[in-house]
Q: 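This is the structure I want to talk about, given as structure tokens.
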Protein chains: 2
Amino acid sequence: METKQISKAVIKRLPRYYRYLGELMEDNVERISSNELSKKMHTTASQIRQDLNNFGGFGQQGYGYNVHYLYTEIGKILGLDTIHPMIILGAGNLGQALANYVDFEKRGFKLVGIFDVNPVLEGIAVRGLEIQMLSELPFFLKENNVEIAILTLPKNKAKEMADILVENGIKAIWNFAHLDLETPDDVIVENVHLSESLMTLSYNLSKYRQEHVE
Amino acid sequence: METKQISKAVIKRLPRYYRYLGELMEDNVERISSNELSKKMHTTASQIRQDLNNFGGFGQQGYGYNVHYLYTEIGKILGLDTIHPMIILGAGNLGQALANYVDFEKRGFKLVGIFDVNPVLEGIAVRGLEIQMLSELPFFLKENNVEIAILTLPKNKAKEMADILVENGIKAIWNFAHLDLETPDDVIVENVHLSESLMTLSYNLSKYRQEHVE
DNA sequence: TAGATTGTTAATCGATTAACAATC
DNA sequence: TAGATTGTTAATCGATTAACAATC
């Protein structure tokens, strides 16, 4: 089944809509118009309507959007209505931080394994899971249903492990390593390049200084 | 001084150029053409030349770009040639993980303070810095030169602290909290919304499944 | 019904790619 | 010099915004 191609820009905005709708629900707001929402989100009503209409007509003329309904629908679109078993490769500071993110489990992202190379870490429990050695990974992948692998290993190790993940049929990698993974087309890679984000901040700061101090 | 407006898309790509050029330097590559680089980076030579020419003519006809020179110049553009004193607000898992990121210090991002609300953490050393109480933050900001504040606090606390940061003249916030900070125009906010990144991955996974399994 | 607001088409704006003259 | 490759202008493509008929 081939679905209509939806632009990356739209997809990147969906989680933000989801977040705002969640907040509206917390505030017991029942319905909202694209215009009101656009003001809250500092965007245009037109963009909101265009974005949502990629997925269906969730609103009603003269009424707007039902907050709860829209929240649920966007949740479905984002795949938050199913459980996603995840493993973490790299039990360093970042790996452990991600393991302890409560929000993820709430949204269906369920941690089922955590791995590292460092023998010192073996057996230490993180969020109720004992850290395993990366050498056990291929066996683990064959025995367990894993959807998403989180890569928080150093560059070289990350590259090596990505190959093993692909060989064992993993189709989604959340990559925190400072490299672009070379994976087949059917493997989904979502990168979080923290240092690049910090450099962007640094750029904006420098530019601001140049424009205002001199 | 008003500089020509450079699009966000271009700026977001700069750190990636910087990373690739760094790798080329490690491999002792002296010069590279936009065409070669475009193949490595899976982009177009045209885009590379356009991007770079926003900042100046770094190349030479018939020769290409000198890797070391271009690396240095992009570093300067990104503000990596100066020291940026940073503080971390929130000494939880993520805060500590970021504190221990070796790469940051290498690029001039120098951690000078780490804060939390939890009294249990007070005085515990992270990367040689004792965790301080957030109540001491305003005083600390008055006494010390701080450029960047890293926010790894929960939502509510983050909102509150952002106001204190702004009041005390902080001009750059690296925000990991799950909210959009409402700050004055002259405050630069760079968001890292991890859960939104994970949802994007989840969306792509769901879409892939729909297109291929059914 | 009248007013509000969507869904959707058309217009505009911006970003990417192509092309090529300039020049090393 | 001839070949290579940039810097830059022009063409294309895509995304955002505006407008408005449809309809609740």
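Every chain is numbered from 1 and lettered A, B, ... according to where its sequence line falls, protein lines coming before strand lines.
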Q: According to the interplanar angle, ranging from 0 to 90°, do the rings of H84(A) and F109(A) count as parallel (below 30°), tilted (30 to 60°) or perpendicular (above 60°)?
A: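 Correct class here is parallel.
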Q: Distance only, no hydrogens: is a donor on one side chain within 3.5 Å (strictly under) of an acceptor on the other, for E190(B) and T200(A)?
A: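 Side chains of E190(B) and T200(A): no pair found under 3.5 Å.
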Q: Within the 4.5 Å heavy-atom criterion, are L24(B) and L37(B) side-chain neighbours or not?
A: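 Yes, their side chains come closer than 4.5 Å.
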Q: Can you tell if the side chain of F55(B) reaches within under 4.5 Å of the side chain of V10(B), non-hydrogen atoms only?
A: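 In short, these two side chains touch, coming nearer than 4.5 Å.
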Q: For a quick check of understanding: with a heavy-atom distance under 4.0 Å over all strands, which category does S46(B) fall into, base, sugar-phosphate or nothing?
A: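 S46(B): base contact, heavy atoms under 4.0 Å.
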Q: For Y63(B), is the NZ or CZ atom of R31(B) found under 6.0 angstrom from the centre of its six-membered ring and inside 45 degrees of the ring axis?
A: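 Output yes; distance and angle both within limits.
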Q: Does any residue of residues 61-76 of chain A have a heavy atom under 4.0 Å from DNA chain C, and if so, which ones, in number order?
A: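 Q61(A), G62(A), Y63(A), G64(A), Y65(A) - these, ordered by number, are the residues of the stretch whose heavy atoms sit under 4.0 Å from the strand.
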Q: First and last nucleotide of DNA chain C in contact with chain B, 5' to 3', at under 4.0 Å to a heavy atom: what are they?
A: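 Footprint of chain B along DNA chain C, 5' to 3': dA15(C) to dC24(C).
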Q: Would you call the rings of W174(A) and F104(A) parallel, tilted or perpendicular if under 30° counts as parallel and over 60° as perpendicular?
A: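 W174(A) vs F104(A) ring planes: perpendicular.
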Q: With Watson-Crick and G-U wobble geometry limited to distances under 3.5 Å, how should the secondary structure of DNA chain D be encoded in dot-bracket form, using | for bases paired to another strand and [ ] for crossing pairs?
A: ..||||||||||||||||||||||
Q: What is the ring orientation for Y71(B) with Y18(B), classed by angle as parallel under 30°, tilted 30 to 60°, or perpendicular over 60°?
A: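 Ring orientation of Y71(B) relative to Y18(B): parallel.
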Q: Students often mix this up, so state it plainly: with edges at 30° and 60°, are the rings of F115(B) and F140(B) parallel, tilted or perpendicular?
A: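 Rings of F115(B) and F140(B): perpendicular, as their planes differ by over 60°.
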Q: Tell me which of A45(B) and A9(A) sits closer to the 5' end of DNA chain D, going by the nucleotide each one is nearest to.
A: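 With A45(B) and A9(A) compared, the 5'-side residue is A45(B).
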Q: When you measure from the side chain of R16(B) to the backbone of M41(B), do you find a donor-acceptor pair of N or O atoms at a distance under 3.5 Å?
A: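 Confirmed, R16(B) side chain pairs with M41(B) backbone.
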Q: Any donor-acceptor pair under 3.5 Å linking the side-chain atoms of Y20(B) with those of D180(A)?
A: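 Judged by distance alone, the side chains do pair up.
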